[in-house]
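Computed over heavy atoms, backbone and side chain alike; hydrogens, waters and symmetry mates excluded.
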Amino acid sequence: MAVSTYNVHTLAVKGENRDGHAECVLAKARQLGCDFVDLQKAKRPGKTEFSAAGYRVFCSGQDETDGRQGLYGSGFAVSETICRKSVYTHQLIGERLVLISFELTGERVAVNLVVAYAPMETIPNTQLKGGIWEGIGAYG
């Protein structure tokens with residue numbers, strides 16, 4: 001199994017293109033043989049789940065406010081093959097924290113992944129990003 005991370009800059013759905021950017025990003029992940037793709041800066045509002053390019057995508061982003069689509073956002077893309085062969089759960093905690101667990105049917109293999117997105121532009125230079133890791137224990 002291969003795991004990768006990707007700063008996608010946006011998976012927001014706008015205009016006629018719809019999920020076109022997701023298709024492009026995930027087609028590249030498929031070429032590289034990735035089974036699990038950690039998605040950063042997805043910018044999809046609210047909690048969404050959709051399929052694209054042979055992946056099941058789970059995203060969590062800031063709800064639309066003041067006419068602005070979701071900021072930041074994180075998520076996972078998981079190969080549809082693995083989804084079909086697994087029992088899985090996911091928790092879209094917020095725009096910056098997503099948890100996902102897979103138990104592969106017929107095998108004694110479990111995969112637990114966490115996406116924790118901490119953008120640098122919102123943190124003053126005097127602070128470290130490590131504080132987000134303190135909260136993860138409460139969810140797992």
Applying side-chain contact (heavy atoms from CB on, under 4.5 Å), name anything that partners Glu107, two or more places apart in sequence or on another chain.
-> Leu104, Val109
Only pairs under 3.5 Å count here: list side-chain donor-acceptor contacts from residues 81-88, not counting sequence neighbours, and write none if there are none.
unit_1 : atom_1 : unit_2 : atom_2 : d
Ser86  : OG     : Ile82  : O      : 2.5

Between Asp38 and Val3, is a side-chain contact (heavy atoms from CB on, under 4.5 Å) present by the stated rule, with each step listed?
-> CA-CA 8 Å; Asp38 162 6; Val3 179; 5.7 Å; no
Strictly by modelled atom types, are Asp35 and Ser79 linked by a side-chain donor-acceptor pair under 3.5 Å?
-> no
Report the C-alpha distance between Gln40 and Val115 in whole Å, list the side-chain angles of each, state the deciding distance to 0.1 Å, and finish with yes or no for side-chain contact (heavy atoms from CB on, under 4.5 Å).
-> CA-CA 8 Å; Gln40 300 295 320; Val115 172; 2.9 Å; yes
Of the non-hydrogen atoms in Gly33 and Ala2, which two are nearest, and what is the gap between them?
-> O-CB, 3.4 Å
Below 4.5 Å, heavy atoms only, C-beta onward: do Leu39 and Val37 meet side chain to side chain?
-> yes
Looking only at heavy atoms, the pair that brings Leu26 and Ala52 closest together is CD1-O, 3.7 Å
So, do Ile100 and Phe58 sit near enough that their side-chain heavy atoms are less than 4.5 Å apart?
-> yes
Taking it one step at a time, do Phe36 and Phe102 satisfy ring pair (Phe, Tyr, Trp, His ring centres under 6.0 Å)?
-> CA-CA 11 Å; Phe36 297 91; Phe102 282 82; 5.5 Å; yes
Indicate yes or no for a side-chain donor-acceptor contact from Arg96 to the backbone of Ser74 under 3.5 Å, with no hydrogens or angles considered.
-> no
Atom of Cys59, atom of Leu92 and distance for their closest heavy-atom approach | O-CD1, 3.5 Å
Which pair of non-hydrogen atoms, one from Glu80 and one from Ser51, has the smallest distance, and what is that distance?
-> OE2-OG, 2.8 Å
If a pair satisfies salt bridge (Lys or Arg N to Asp or Glu O under 4.0 Å) and one of its residues is in residues 46-55, list it, with sequence neighbours excluded.
-> Glu49-Arg56
